[in-house]
> 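Take a look at this one; I'll ask things after.
Reminder, nothing fancy here: chain letters follow the sequence lines and each chain counts from 1.
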Amino acid sequence: MTETDPRMHVRYDAAAAEARWRARWKEEDVFRARIDASRPKYYVLEMFPYPSGKIHIGHGRNYVMGDVIARYKRMAGFNVLHPFGWDAFGLPAENAAAERGVHPKGWTYENIAAMKEQLDLLGLSLDWSREFATCDPAYYRHQQRMFLDFLRLGLAYRKESAVNWDPVDMTVLANEQVIDGLGWRSGAPVEKKMLTQWFFRITAFADDLLNDLKSLDRWPDKVRAMQANWIGRSEGASFRFALAASPGDDETVEVYSTRPDTLFGASFIAIAADHPLARAAARTDPALAAFIEQCGRTATTEAAIETAEKLGFDTGLRAVHPFDTNWSLPVYVANFVLMDYGTGAIFGCPAHDQRDLEFARKYGLPVKPVVIPPGEDADAFMIGSEAYTGEGRMAHSAFLDGLDATAAKARAIEALERLGVGARQVNWRLRDWGVSRQRYWGCPIPIVHCDACGPVPVPLADLPVTLPEDVTFDAPGNPLDRHPTWKHVPCPSCGAAARRETDTMDTFVDSSWYFARFCDASPADRPTDLAATDYWLPVDQYIGGIEHAILHLLYARFFVRAMKAAGHLHISEPFAGLFTQGMITHETYRDANGRWLSPEEIEKRDGLVFTRGSNAPVTLGPPEKMSKSKKNVVPPEEIAATYGVDCARWFLMSDSPPERDSEWTQAGVDGAARLVQRIWRLLNDALPHMAEKGASAEGAQGVVLELRRIVHRTVHELTQDLEQFRFNRGVARLYELVNALGAFDARTQGAGAVLREAYETLVLLVAPMMPHLAEEAWALLGHDAMVVHAAWPKALPELVAQDTVTLAVQINGKRRDEIALKKDLAAAEVEAAVLALDAVKRALAGGRPKKVIVVPNRIVNLVV
RNA sequence: GCCCCUGUGGCGGAAUGGUAGACGCGACAGACUCAAAAUCUGUUGUCCGCAAGGGCGUGCUGGUUCGAGUCCGGCCAGGGGCACCA
């Protein structure tokens with residue numbers, strides 16, 4: 001070691017510096033947001049977490065991404081709101097209670113405390129003063145009030161609906177608790193059971209929810225497409241077939257179809273297994289009853305039904321064709337028709353629907369083409385194993401013959417209307433939102449059931465209806481339901497003995513309005529402070545996982561509309577910008593016995609993997625989502641204590657496009673750690689050569705000017721990258737700047753002012769991603785005020801613009817040479833310069849090019 | 001089955017229809033060192049060639065274009081979503 005090599009002395013102590021700066025941010029309360037009408041606001045929100053226990057560094061990606069945006073926007077002059085809270089009701093707390101005898105409340109709040117401590121290490125610029133958990137009565141009391149508002153507005157109602165019932169545990173199961181049709185604890189076959197439950201009328205806003213997707217131009221197209229499909233608007237007709245004879249009260253069967261134009265190609269009617277007509281027919285037909293029971297047992301997911309064999313059962317009934325009373329069709333019960341959708345009955349047109357075709361072939365039903373592809377003869381056209389779903393002319397269809405599908409559809413609907421048997425109808429796939437859950441750890445539904453008065457709202461003055469704490473989880477079923485006293489209350493209306501509603505709300509309700517409460521979490525008498533929500537909402541940037549693309553986001557969109565109707569908000573769309581980030585994966589390890597091993601339990605030597613400190617071989621698995629069960633998790637506290645959290649933040653932003661999955665690797669962390677030290681070292685080396693703070697960098701020449709250009713170009717490009725969520729590209733730009741600084745000799749004559757500008761700019765640019773290092777460096781550069789209060793640098797356009805450009809020279813589209821020219825040169829001058837090149841002369845061999853394409857400042861292509 | 005997304009070096013990935021492989025990781029070589037670590041410098045798609053240079057290259061296959069990783073058609077592979085969407 002020599003005294004003259006300063007690199008030996010400077011080493012950035014991340015762990016110490018980070019703790020110091022976090023303490024100072026906290027002390028000075030710098031992240032507390034306040035309404036300030038004089039500044040543009042910016043509301044950044046990451047989807048709040050369920051407090052399940054501990055977080056790992058994979059969770060950090062989401063929060064760091066939001067934090068980078070929050071810190072950048074703050075420096076760019078925005079008044080930033082960046083709050084945090086807890087989605088604290090839910091099933092895992094009850095599972096923990098049942099398995100380990102801990103109370104859901106205690107378990108939840110302990111988890112919150114542990115996770116908060118871990119999150120703090122990440123150096124997030126959060127305003128903790130607005131924190132709440134959705135299980136706080138101070139939060140859910142307002143949710144109960146809004147439930148009553150919705151009830152008053154007709155947006156909440158009760159109806160019968162099926163649940164998964166475990167006949168052994170005598171309890172309702174969530175979908176995830178049903179495994180292969182069996183209850184997860186009891187193993188008993190799950191039954192369908194009808195219960196009267198509460199629903200939110202989300203379908204009242206179906207049109208709005210679909211149409212307004214167009215306005216969400218800062219949402220991923222993918223998410224908008226998923227929501228549009230989910231809402232599923234279809235246009236068609238609803239109409240009745242008369243029954244030739246009926247086993248029940250119905251004399252007709254009503255079907256819904258989007259293709260009434262193909263009605264002359266109909267060959268059967270199919271009804272759902274739980275259609276009233278099916279039930280009626282089954283009363284006298286035991287075989288049909290058995291078939292219906294069998295249908296009830298098959299899984300109800302779309303994928304399962306779609307791939308399952310299409311089965312039908314002929315009821316023996318006949319339905320009369322509305323356009324030809326001499327024509328009747330068989331009525332089948334089919335396992336692919338759902339009672340929930342449309343009318344629960346369809347007509348099958350095998351020639352033009354693949355599923356109907358397979359059904360018809362199976363049961364020997366006629367296949368009659370009525371849409372003839374262009375160029376085909378109407379009488380000769382036959383359907384083989386593929387239904388024809390394309391365009392064409394109608395044939396064999398009486399008054400529809402010769403029309404195209406659109407015209408035929410309109411004409412068929414007119415005819416149905418004239419006959420008085422049906423009408424045009426818009427149908428939605430979207431169904432109302434069932435919010436009742438037969439669970440303890442959720443927001444109680446504020447209703448009292450009275451034998452005389454029916455369901456009666458709990459008076460506002462009596463809210464919140466709080467959960468009793470003396471509950472047990474040793475028996476199956478809902479602890480609220482079997483609590484000795486809690487549910488017994490007088491009717492608020494007549495005073496007679498009555499019972500509380502013991503269902504609690506779906507936890508998706510809790511997460512449907514928390515972002516509004518964050519605007520001001522203090523009012524005790526109302527859900528929102530309108531002055532605060534008017535200022536802060538909508539959320540400018542919402543960040544979370546793609547798994548919430550449909551339900552959570554759709555429910556929140558419904559909820560703000562309902563809240564608006566109730567006077568609690570003035571907006572209709574909660575999230576102006578949405579970003580869905582990918583997961584963090586990590587490779588997995590298993591020992592010879594197949595036991596999962598954590599990253600700390602293994603070591604790599606010579607390209608092989610062993611358990612740490614031994615020669616026991618380890619099987620290396622592919623990178624998978626970090627999860628406790630596979631032990632491939634990295635705790636944030638470990639990174640914070642060793643490399644410093646800035647290093648982790650940097651790595652999380654650096655490797656992959658943020659919307660894609662990204663693998664956490666030791667090599668990647670090492671690379672990030674090297675950069676942290678490199679910046680620190682370069683800064684320390686350059687410091688003695690820098691000009692004073694505020695020195696003008698104007699008038700630089702030569703290599704110094706070149707460096708300055710790079711600095712300003714980096715500002716320009718990184719700013720764009722951050723605006724567009726291209727963190728990985730921004731990181732690459734910063735590496736380029738650091739590389740340029742590393743290659744620059746700090747002793748260069750007259751470089752002092754540019755050096756200062758360059759390093760100050762670098763520090764400001766890395767600040768959103770590495771906020772602690774930036775503070776430490778900023779202080780070293782002689783600043784008393786913190787970087788969090790500093791302004792984002794501005795690029796000077798004249799330094800961003802290039803005055804010379806390199807054009808590629810192509811001959812017949814192949815690159816043959818390149819040429820450096822002044823920017824924006826006239827095409828003729830460019831052509832002349834290019835024609836003078838040796839490579840071009842050689843290629844032309846004295847001739848003239850047939851064509852010359854000059855793309856300004858880009859490329860010249862000669863066609864010879 | 002339906003809807004959506006993604007296929008680029010050894011790896012993660014760059015690239016408004018205009019020089020494919022920026023930047024990082026890894027690897028190799030060198031400098032410094034007694035040695036190592038750290039750091040620095042250089043090389044690194046592939047094939048032919050001493051070199052200059054050239055051929056081939058973005059899952060496959062057609063097409064549009066002066067020019068295609070990028071646009072269009074048809075395949076193949078991987079991933080995600082799904083509540084028979086009538």
Side-chain angles (χ1 to χ4, degrees), chain A residues 1-2 5 7-8 11 175 220-223 225-226 228-234 236 255-260 262 270 272 298 300-308 310 334-338 340-349 353-356 358 427-431 546-547 549-550 582 623 651 654-657 659-663 665-672 674-675 677-678 681 726 728-736 738-739 742-743 806-819 839 849-864:
Chain A
M1 188 191 290
T2 62
D5 189 350
R7 286 177 307 207
M8 293 296 172
R11 184 106 196 131
N175 280 332
D221 290 342
K222 182 183 176 173
V223 174
M226 285 165 85
N229 288 339
W230 191 262
I231 296 166
R233 184 179 197 274
S234 68
V255 303
Y256 175 76
S257 175
T258 55
R259 294 293 304 274
T262 63
T298 48
T300 54
T301 67
E302 184 180 334
I305 293 162
E306 196 75 47
T307 48
K310 311 291 181 270
N335 66 349
F336 56 86
V337 177
L338 292 185
D340 288 334
Y341 192 81
T343 59
I346 62 163
F347 76 81
C349 175
D353 182 287
Q354 191 60 31
R355 192 186 55 202
D356 293 349
E358 284 166 25
N427 215 24
W428 302 93
R429 179 181 178 273
L430 184 68
R431 304 201 292 245
I546 188 74
E547 66 273 20
I550 298 176
F651 176 50
S654 70
D655 236 29
S656 301
E659 67 278 11
R660 266 195 236 173
D661 286 355
S662 181
E663 189 187 352
T665 61
Q666 189 54 48
V669 181
D670 291 340
R674 261 200 303 274
L675 179 80
Q677 294 301 336
R678 188 157 178 235
R681 206 169 49 237
R726 312 182 68 150
N728 59 320
R729 219 169 63 146
V731 162
R733 299 288 92 88
L734 287 169
Y735 267 111
E736 283 173 330
V738 173
N739 288 345
T806 305
L807 285 81
V809 178
Q810 296 184 336
I811 292 164
N812 290 336
K814 288 228 175 246
R815 201 194 80 97
R816 280 294 177 262
D817 204 351
E818 59 182 36
I819 186 169
K850 269 195 273 191
K851 193 170 175 186
V852 180
I853 294 124
V854 178
V855 182
N857 304 322
R858 283 279 185 184
I859 202 167
V860 180
N861 189 14
L862 306 176
V863 185
V864 297

> Does any nucleotide pair with B/A29 by Watson-Crick or G-U wobble geometry, both distances under 3.5 Å, and what is it?
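For B/A29, the partner nucleotide comes out as B/U41, under the 3.5 Å rule.
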> Within this structure, what is the CG-CD1 distance for the pair A/D353 and A/I346, rounded to the nearest 0.5 Å?
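CD1 of A/I346 is found 7.5 Å from CG of A/D353.
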> Checking base pairs now: Watson-Crick or wobble, both atom distances under 3.5 Å. What partners B/G18?
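Pair assignment: B/G18 / B/C66.
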> Return a single string for nucleotides 42-47 of chain B, one symbol per nucleotide in 5' to 3' order, where B is base contact, S is sugar-phosphate-only contact and - is none, cutoff 4.0 angstrom on heavy atoms.
------
> Taking OP1 and OP2 of B/G53, is either one under 4.0 Å from a side-chain nitrogen or oxygen of A/R816?
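The answer is no; no side-chain N or O of A/R816 sits under 4.0 Å from OP1 or OP2.
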> I need the CD1-P distance between A/I546 and B/C5, as an integer number of Å.
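From A/I546 CD1 to B/C5 P: 11 Å.
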> For A/V855, which contact category applies under a 4.0 Å heavy-atom criterion: base, sugar-phosphate, or nothing?
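Base, at least one base atom sits under 4.0 Å.
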> Could you give the CG-to-C1' distance, from A/N812 to B/G67, as a whole number of Å?
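Answer to the nearest Å: 10 Å.
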> Using a cut-off of less than 4.0 Å, is there contact between a side-chain N or O of A/R726 and OP1 or OP2 of B/A15?
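Looking at the OP1 and OP2 atoms of B/A15, one of them is under 4.0 Å from a side-chain N or O of A/R726.
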> Can you tell me the distance, in whole Å, between the CG atom of A/L862 and the C1' atom of B/G18?
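Spelled out: CG on A/L862 to C1' on B/G18 is 14 Å.
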> For B/G17, is chi within 90° of 0 (syn) or not (anti)?
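B/G17: anti.
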> Please name the pair of heavy atoms, one in A/D655 and one in A/E663, separated by the smallest distance, quoted to 0.1 Å.
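So the minimum-distance heavy-atom pair works out to OD2-O, 4.4 Å.
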> To the nearest 0.5 Å, what is the distance between CG (A/N861) and CG (A/N812)?
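If I round to the nearest 0.5 Å, the distance is 7.0 Å.
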> B/G1 C1' sits how many Å from A/D356 CG, rounded?
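Checked: the CG to C1' distance equals 14 Å.
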> Any idea which of B/U19, B/G13, B/C40 is nearest the A/P657 side chain?
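Per side-chain heavy atoms of A/P657, the pick is B/G13.
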> For B/C34, which nucleotide is its Watson-Crick or G-U wobble mate, given both distances must be under 3.5 Å?
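Its partner is none (no Watson-Crick or G-U wobble pair with both distances under 3.5 Å).
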> State the CG-OG1 distance between A/N857 and A/T806, to the nearest 0.5 angstrom.
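One gets 10.5 Å once the value is rounded to the nearest 0.5 Å.
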> Going through the distances and angles, do A/K222 and A/I546 end up as a side chain to side chain contact (heavy atoms under 4.5 Å, CB included)?
CA-CA 10 Å; A/K222 182 183 176 173; A/I546 188 74; 4.2 Å; yes
> Using whole Å, report how far CD1 of A/I859 lies from P of B/A68.
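Those two atoms, CD1 and P, are 11 Å apart.
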> B/G73 pairs with which nucleotide, Watson-Crick or G-U wobble, both distances below 3.5 Å?
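Because both required distances fall under 3.5 Å, B/G73 counts as paired with B/U61.
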> In terms of side-chain heavy atoms, does A/Y256 have a donor or acceptor partner in A/S234 at a distance below 3.5 Å?
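There is such a pair between these side chains.
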> Paired with B/G12 by Watson-Crick or G-U wobble geometry, both distances under 3.5 Å: which nucleotide is it?
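Across any shown strand, B/G12 pairs with B/C23.
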> So A/A667, base contact, sugar-phosphate only, or nothing? Heavy-atom distance under 4.0 Å.
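Sugar-phosphate only.
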> Counting any heavy atom closer than 4.0 Å, what does A/S257 reach on the DNA or RNA strands: base, sugar-phosphate only, or nothing?
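The answer is sugar-phosphate, as A/S257 gets under 4.0 Å only of primed atoms, P, OP1 or OP2.
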> What closest approach, in Å, do A/V337 and A/A270 show between heavy atoms, and which atom pair accounts for it?
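Answer, listing the atom of A/V337 first, then A/A270: CG2-CB, 3.9 Å.
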> What are the two closest heavy atoms between A/L807 and A/I859, and how far apart are they?
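Result for this residue pair: CD2-N, 4.1 Å.
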> Start at the 5' end of RNA chain B and walk down; is the nucleotide closest to A/I346 or to A/S662 reached first?
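Checking each residue's closest nucleotide, the 5'-ward one belongs to A/S662.
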> Output yes when at least one side-chain N/O atom of A/R660 is less than 4.0 Å from OP1 or OP2 of B/G78, else no.
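No, outside the criterion.
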> Let me know the distance between CG of A/D655 and P of B/G13, rounded to the nearest Å.
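From A/D655 CG to B/G13 P: 8 Å.
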> Side chain of A/S656 only, please: which of B/A86, B/C40, B/G13 is the nearest?
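Taking heavy atoms from C-beta onward, the closest nucleotide is B/G13.
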> Which residue, A/N728, A/V731, A/L675, forms the side chain to side chain contact (heavy atoms under 4.5 Å, CB included) with A/S654?
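Exactly one pass, corresponding to A/V731.
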> To the nearest 0.5 Å, what is the distance between CD1 on A/I550 and CG on A/N229?
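It is 8.0 Å, given to the nearest 0.5 Å.
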> When you get a sec, tell me which of B/C3, B/G67, B/A86 is the closest nucleotide to the side chain of A/N861?
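Selected nucleotide (nearest to the side chain): B/G67.
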> Whole angstrom is fine here: how far is it from CG in A/L675 over to P in B/U39?
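In whole Å, B/U39 P lies 11 Å from A/L675 CG.
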> Base, sugar-phosphate alone, or nothing: which one does A/T806 contact when heavy atoms must sit under 4.0 Å apart?
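Base contact.
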> Want to settle it: does A/V863 or A/G344 sit nearer the 5' end of RNA chain B, counting the closest nucleotide to each?
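Residue closer to the 5' terminus by nearest nucleotide: A/V863.
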> Measuring to OP1 and OP2 of B/C56, would you say a side-chain N or O of A/K814 lies under 4.0 angstrom away?
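Looking at the OP1 and OP2 atoms of B/C56, one of them is under 4.0 Å from a side-chain N or O of A/K814.
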> Is the shortest distance from a Lys or Arg side-chain nitrogen in A/E736 or A/R733 to a carboxylate oxygen in the other one below 4.0 Å?
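Yes, charged N to carboxylate O under 4.0 Å.
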> What N/O pairs connect the protein and nucleotides 20-23 of chain B at under 3.5 Å? Give each pair on its own line.
unit_1: B/A22; atom_1: O2'; unit_2: A/E736; atom_2: OE2; d: 2.7

> Expressed as a whole number of angstroms, how long is the span from A/I550:CD1 to B/C82:P?
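Atom CD1 in A/I550 sits about 7 Å away from atom P in B/C82.
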> Looking at A/R674, I'd like to know whether one of its side-chain N or O atoms comes within less than 4.0 Å of OP1 or OP2 on B/C25.
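Yes, A/R674 has a side-chain N/O under 4.0 Å of OP1/OP2 on B/C25.
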